[in-house]
Structures are given as C-alpha cells and as structure tokens.
Amino acid sequence: MSKSSYELRHDLKVTAPAKINLHLEVLGLRKDGFHELAMVMQSIDLADHLDMRMRKDGLIKLDSDDSSLSNGQGNLIFEAAQLLKMHANLSDLGASIFLQKRIPIGAGLAGGSSDAAATLVGLNSLWGLNYSINELEKLGSKLGSDVPFCIRGGTQLCFGRGECLEPLKNQINSMAILLVKDPLTSVSTPWAYSQCKKINSSRYLTLENEFEECRERLRRESWLNPLSSVNPPPLRNDLQGIVAPVTPAVQKALRILFNLPGTLSVAMSGSGPSCFALYSDLDSANEALIEHRVELQSEGLDGWCCSLKNQGVILES
Ligand code: C5P
C-alpha cells in the first residue's frame, strides 16, 4: 500500500458514538459458536472522545479519565492499535491515546466496540496507512462483532455475527431517544447469549434458507423505508426476554419508560441493561427527561437525551 499520497499527521481527535438496537433478532447458532443475528443498529449522539498523538518509539500508550478501565490488554483500544500495527507490519508505529469515557460500560451501547472502531480509523489516518473503510471493517471484525458497524455507523442492517453490513441510506430524521441505565448494573454479553441458548435453542432456526428468509423480511420492513416517526420502528430485542426477568435494573427502566407520555416505542439495547424510549424529536425527549428527572434519580437511573446520527466514527481534526 502506498503511503506517499497521504500527509502524515501528528495528532488528531476522534469521536466514537454509541449505538442502540432498533431490532435484534436471534435466528440460530453458527458453526463458530456465535449466534446468527438479524439486526438494525443505529448510531446515537452519546459519544466517547479519543485524542491521539504520534510516537516515534513504536509504543502504544493508553490513558483515560476512567480509572476502572485497563490501559493495556483487555481494552479494545489497545488491542485495535496493536492489531493495526501488526497488520501494517511497521514496528516503529506508535501512538499516545487519551480516552474521555462518556458511554457507560457494559451497557449494551457498544462503547468498547466504538472505541476500537475509532482507534482503527484514527490511527489509519495518523499513521498514513490509507486502508479503505472496507479493509478497516474486516480488521474490526477480529476485535468484536459490533466493531465493523461502529466504523461507518448511521443506520445499518447487520447480519451474520453482526459484522455483515448493509448500510441504509437517507435515514436522516428528527427522531430521538431518552436512554436510561442503572449505573450500578452491567450485563455481560457472553452471559446474555449463553442464557439465550439455554432457554431458546430448541426454537432456533437451523437452515441457511430460513436465515435468509428472515433477512429478506427485515430488508422489506415498511418502517425501515425510511425511518420515520409517522411509521415508527416497532423495536424488537430477543435478548430483552432473557435479560429482563433476572435483571431488576432492566425491569425498573422498562416500567418507567413504558409509563412516560409521548413515547413511540420502548426497548432494551443490545444485551442491556440500557433501555430507551423512542420520541418523534429531541424536544419531546428532553421534556420527558426534565419532567421525570426526579423519578429517574429516585429510582437510581441515569438518563440521557440523544438524537439519532447518520454516521459512526468522526475524525475531528
Ligand atoms: O463479538 P463480541 O466480542 O462482541 O461477542 C461477545 C460474546 O457474545 C461472544 O463471545 C459470544 O459469546 C456472544 N455473541 C454471540 N453471537 C453473536 C455476537 C456475540 O453469541 N452474534
């Protein structure tokens, strides 16, 4: 790959947005042990921020404003940087990265995956590697099933493990969400899927043509073409029925959201415990948050109002 056409940069800022699931359908089990999924993922404007600076000593140095996070192995930022460096086969590539963590951890919002996506996009630019988005998505899939989606973001159909992407165009709309999460609760994604397998595997589909029928049905859903508050997404999350019954924080969040006036629909995101209510616009979501802030606080829930975004990782400067 030629690097000559690329101007090397010495520092940059990258924004890593969270995602929600408008649709998460568990179809069956794959030969690799993962679940075969049919999803619609959506970027939102709750985001982490990464500052990156070039190093000439070949080291990857990570620091963050969240002391609960590892700054080495186990942090997807560190792993993404090492993976990209290995892939480029250039041992002198190094970077100092500082993470401002704003997306709650273990929340079903793909915070770690979006950080990994931002690292791949950011370092690709910082190091002048000039890999295409498709190549970065392919690399990202080695780090986690949601990483490829987080690179381009927006509204996408996600199949396979979640890494087979079909971006949906012209989905810009005014819809917004009120997102809530109990800060004391997190859910392990492997646990949620293993429980799903235990409870539902007798009903799983097994044949590729059955999977394809479900994908086709989702592609044709009228609420997707395009997203709009007039024909709002019905919201479906097959993990909700697995996680909610054993997670009081999810039951509490869903109960409160279902009782709010003006919501279009309510669901858990990913493997939880974050839950969200969909609103026709940001003003209505803000109004609901202001009116119910005391109730959310007294129930121990954090709340955010977020608009839906039409892109994933953003290189800021
Ligand atoms: O890919 P990711 O690291 O996010 O997946 C975390 C875990 O969630 C996997 O190890 C697997 O147990 C489960 N998973 C799954 N099927 C998927 C995605 C994740 O079973 N499609």
Side-chain angles (χ1 to χ4, degrees), residues 16-43 48 69-70 73-84 103-120 136-153 156-166 186-208 210-212 214-215 218 236-244 246-247 250 268-274 312-313:
K19 63 84 187 156
I20 52 168
N21 295 82
L22 299 176
H23 186 95
L24 192 167
E25 193 176 346
V26 177
L27 304 183
L29 261 185
R30 297 156 52 93
K31 291 200 182 76
D32 60 10
F34 280 70
H35 284 81
E36 183 72 28
L37 304 175
M39 300 189 285
V40 181
M41 299 225 262
Q42 172 66 56
S43 303
D48 290 343
L69 286 173
S70 156
Q73 286 300 335
N75 189 316
L76 278 179
I77 295 177
F78 185 81
E79 291 174 18
Q82 295 290 5
L83 179 68
L84 188 64
I103 306 171
I105 299 163
L109 300 170
S113 299
S114 195
D115 292 345
T119 304
L120 294 177
L136 295 179
E137 285 174 351
K138 210 155 145 200
L139 265 185
S141 70
K142 297 184 184 176
L143 296 160
S145 307
D146 291 345
V147 177
F149 164 81
C150 291
I151 291 177
R152 219 183 299 243
Q156 299 196 45
L157 295 165
C158 308
F159 300 126
R161 286 195 287 134
E163 88 292 15
C164 301
L165 305 176
E166 297 182 16
S186 58
V187 171
S188 145
T189 303
W191 170 84
Y193 279 106
S194 73
Q195 287 301 107
C196 184
K197 186 162 101 181
K198 230 184 251 172
I199 295 167
N200 285 343
S201 63
S202 61
R203 293 191 290 276
Y204 280 178
L205 304 176
T206 51
L207 302 173
E208 171 52 29
E210 296 174 314
F211 294 160
E212 186 53 27
C214 294
R215 292 179 200 125
L218 188 58
R236 169 174 174 173
N237 183 341
D238 290 353
L239 294 179
Q240 188 175 311
I242 306 294
V243 175
V246 291
T247 315
V250 173
M268 189 178 85
S269 181
S271 52
S274 298
V313 170

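Whatever order the structure lists them in is the order used to number ligands and atoms, beginning at 1.
- Listed for the Glu79 side chain is a donor-acceptor partner under 3.5 Å among the backbone atoms of Gly74.
- For ligand 1, the atoms closer than 4.0 angstrom to any heavy atom of Arg161 are 1 (O), 17 (C), 18 (C), 21 (N).
- Not one N or O on the side chain of Lys19 forms a donor-acceptor pair closer than 3.5 Å with the backbone of Gly111.
- In this structure, Asp146 has no heavy atom closer than 4.0 Å to ligand 1.
- When Ser141, Gly162, Pro190, Gly144 are checked for heavy-atom proximity to atom 12 (O) of ligand 1, Pro190 turns out nearest.
- Here the shortest heavy-atom distance to atom 2 (P) of ligand 1, taken over Ser145, Gly112, Gly270, Gly160, belongs to Ser145.
- Considering only non-hydrogen atoms, atom 11 (C) of ligand 1 lies nearest to Phe34 out of Phe159, Trp191, Phe34.
- Arg215 pairs in a salt bridge (Lys or Arg N to Asp or Glu O under 4.0 Å) with only one of the listed residues (Glu25, Glu210, Glu208), which is Glu208.
- Using a 4.5 Å heavy-atom cutoff, the side chains of Leu37 and Tyr193 are in contact.
- Without hydrogens or angle criteria, Thr247 side chain to Val250 main chain gives no donor-acceptor distance under 3.5 Å.
- Closest approach of Arg161 to Asp32, counting heavy atoms only: CD-OD2, 4.0 Å.
- Protein heavy atom at the shortest distance from atom 20 (O) of ligand 1 is His35 ND1, 2.9 Å.
- Residue contacts with ligand 1: Tyr193 is placed with no nitrogen or oxygen under 3.5 Å of a nitrogen or oxygen of the ligand (distance criterion only).
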